[in-house]
Enquirer: 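This structure is in structure tokens; I'll ask about it shortly.
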Amino acid sequence: MARIEPRLLKGFRDYLPEVMIPRVKMLRKIGEVFERFGFEPLDTPAIEYADILMGKLGPEAEKLFYRFKDNGDRDVALRYELTVSLARVVAQYGTDLPRPFKRYQMGPVWRAEAPSVERGRYREFWQCDVDIVGTQSLLADAECLAIDNAVMQAVGVKNFVIRFNNRKLFRGLQQKAGIASDSLMADVMRSVDKLDKIERDGVEKELTGLADLNEAQRATVLEFLDLAKFQSPNSERIARLAQFLAGTTDGEKGCAELSEVLQNAQRMGVPDQHVSADATIVRGLDYYTGTVFETTLTDAPHFGSVMSGGRYDGLVGLFSGKDEPAVGISVGIDRLVTALGELKLLKSGKASAQVLVTVFDESSTQYSLRIASELRSAGISAELYLDTPAKLGKQLKYAERKEIPFVVVAGPDEAASGEATLKNMLAKNQSRMKLEALAAAIAKP
RNA sequence: CGGCUAGUAGCUCAGUUGGUUAGAGCGCCUGACUGUGACUCAGGAGGUCGCGGGUUCGAGUCCCGUCUAGCCGCCCA
């Protein structure tokens, strides 16, 4: 019989238990933060009609779609992100949903791009989105910053910077520099976005390479760049940008919005040191219209943004015919888990059980079953050793390998006196106690 | 798609100018230990050397092809 070689598609992974345990803990913490801000859960299908998913993502993204014909010859695709499906839901259910509509959604998305394990980039990965649909209020944008900050705190990240910008600044810059062509402006923005990676000189070189960009225009863009990176408090930097873009309607509006979002976020308790107004932030997705966010871990910047999003006031209208303002932010859970693992900020875990109840021999097995059952009733996660007969040494090795902190040993001696021996695997000690005392001894290690 | 690097035990790797039966550490299993893991000692299992072809008396080693993985570029977050 021909053996089938076990293997995975490039960019896809198995999540083994020791990866899943910290991962589900993190998902739970993130979900708790979302609910604390009043968001309700939503889920949507992984596969949808291709035209819906690809609606406004732009031609670059289209190449990265997993797209195929289903058995009924329908043109379908795996979702690329979660926001487009939200826009579809809002349009489809209309007034059945309250406004503002606040929902969170956690699930896998797929992109057929070059994977990079080192940077936590895969072809299948999870996003955790929160979005607010139906309000133009910049309180909503600020709330995204507050949620970002709260999520970072909840997962134990101390050193991070949320950089945010407003797309309107680029429209202002376009007006100020007199760049007529939108596609040329897109090229300019692409270069600006690379600033962190290729430095100012690299950007300047790229701009020089743009044939349609004249010298005066290049100088204007570079001046903008220098103001954007000017080292000063956020409010001062915004003020300088506002001065620079004065006279352009979009530029003035963008700077005013930037400033309002910043102030709102401050009042919501987001510490200044975690927020940076950074006018070089572009973000790739085509549908963003206003505020955009990116979050980088100061100690692991090579992972890129672990939480990002922005305002997309035109997306819902694509499905409903009537524009509705919306803003949201999304955690890249896989990057975050990989990064935290690298920074040793993840508590590892290999077992769900707090205690392993060993089985001793035929005559005392009943007693072990009873112990396991009583521990579970007391709310303790208790695993019963299921392979019998087995030497005690083997069972202890099993507990050690799974890093189960406690082991209960109960043979005929203990059974006779209604007791059990509780071993603390880490402290390497053990003590004998009445069955009734067991749960309490495990609960407070 | 282009460039670079690498594929030898479950993992990390060694393997001389080509030369017997391909090794080490860790891990795993068994025993010393018929009520105790992490220490010690003894033993054991596990390899078509990525795959195919070529050169040679002889290839893990040299040559060609191919596949896979990783990195860089491109692209993207």
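The chains referred to below are lettered A, B, ... by the order of the sequence lines, with proteins before strands, and numbering in each begins at 1. These values consider heavy atoms only, across backbone and side chains, with no hydrogens, waters or symmetry-generated copies.
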Enquirer: Find the runs of at least 3 consecutive base pairs, i with j, i+1 with j-1 and so on, that include RNA chain B, using Watson-Crick or G-U wobble geometry with both distances under 3.5 Å.
Expert: B:1-7 with B:67-73, B:10-13 with B:23-26, B:28-32 with B:40-44, B:50-54 with B:62-66

Enquirer: Give the rounded distance in Å between these two atoms: CG of A/Asn429 and C1' of B/A38.
Expert: 13 Å

Enquirer: Taking any heavy-atom pair under 4.0 Å as a contact, classify A/Lys391: base, sugar-phosphate, or nothing.
Expert: sugar-phosphate

Enquirer: Between A/Gln105 and A/Thr44, does a side-chain hydrogen bond (donor to acceptor under 3.5 Å, both in side chains) hold up when you go through it step by step?
Expert: CA-CA 9 Å; A/Gln105 183 167 1; A/Thr44 60; 2.9 Å; yes

Enquirer: Between the base of B/U36 and the side chain of A/Gln430, is there a donor-acceptor distance below 3.5 Å?
Expert: yes

Enquirer: Starting the side chain at C-beta, find the nucleotide from B/G37, B/U36, B/A77 nearest to A/Ser305.
Expert: B/A77

Enquirer: Would you mind classifying the nucleic acid contact of A/Lys194 as base, sugar-phosphate or nothing, using non-hydrogen atoms under 4.0 angstrom?
Expert: sugar-phosphate

Enquirer: By the 4.0 Å heavy-atom rule, please label A/Glu403 as base, sugar-phosphate, or nothing.
Expert: nothing

Enquirer: Kindly say whether, by distance alone, the side chain of A/Arg335 makes a donor-acceptor pair under 3.5 Å with the base of B/A77?
Expert: yes

Enquirer: Measure from NZ or CZ of A/Arg111 to the centre of the six-membered ring of A/Tyr80, then state whether that distance is under 6.0 Å and the direction lies within 45° of the axis.
Expert: yes

Enquirer: Which nucleotide wins on minimum distance to the side chain of A/Glu414, given the candidates B/G35, B/U36, B/A77?
Expert: B/G35

Enquirer: What is the separation between atom OH on A/Tyr398 and atom P on B/G37, rounded to the nearest whole Å?
Expert: 18 Å

Enquirer: Taking for each residue the nucleotide of RNA chain B with the nearest heavy atom, is it A/Arg401 or A/Phe360 whose nucleotide lies nearer the 5' end?
Expert: A/Arg401

Enquirer: Just compare B/G37, B/G35, B/U30 and give me whichever is closest to any side-chain atom of A/Asp413.
Expert: B/G35

Enquirer: When you measure from the side chain of A/Arg111, which nucleotide among B/U36, B/A77, B/G37 comes out closest?
Expert: B/A77

Enquirer: When A/Glu48 is tested against each of A/Arg79, A/Arg67, A/Arg88 for salt bridge (charged side-chain N to carboxylate O under 4.0 Å, His left out), which residue passes?
Expert: A/Arg88

Enquirer: Name the nucleic acid region contacted by A/Asp361, choosing base, sugar-phosphate or nothing; use a 4.0 angstrom heavy-atom cut-off, strictly under.
Expert: nothing

Enquirer: Measuring from the side chain of A/Lys423 (C-beta onward, heavy atoms only), which nucleotide among B/A77, B/G35, B/G37 has the closest atom?
Expert: B/G37

Enquirer: State, yes or no, whether a side-chain contact exists between A/Asp313 and A/Arg311 at a heavy-atom distance under 4.5 Å.
Expert: yes

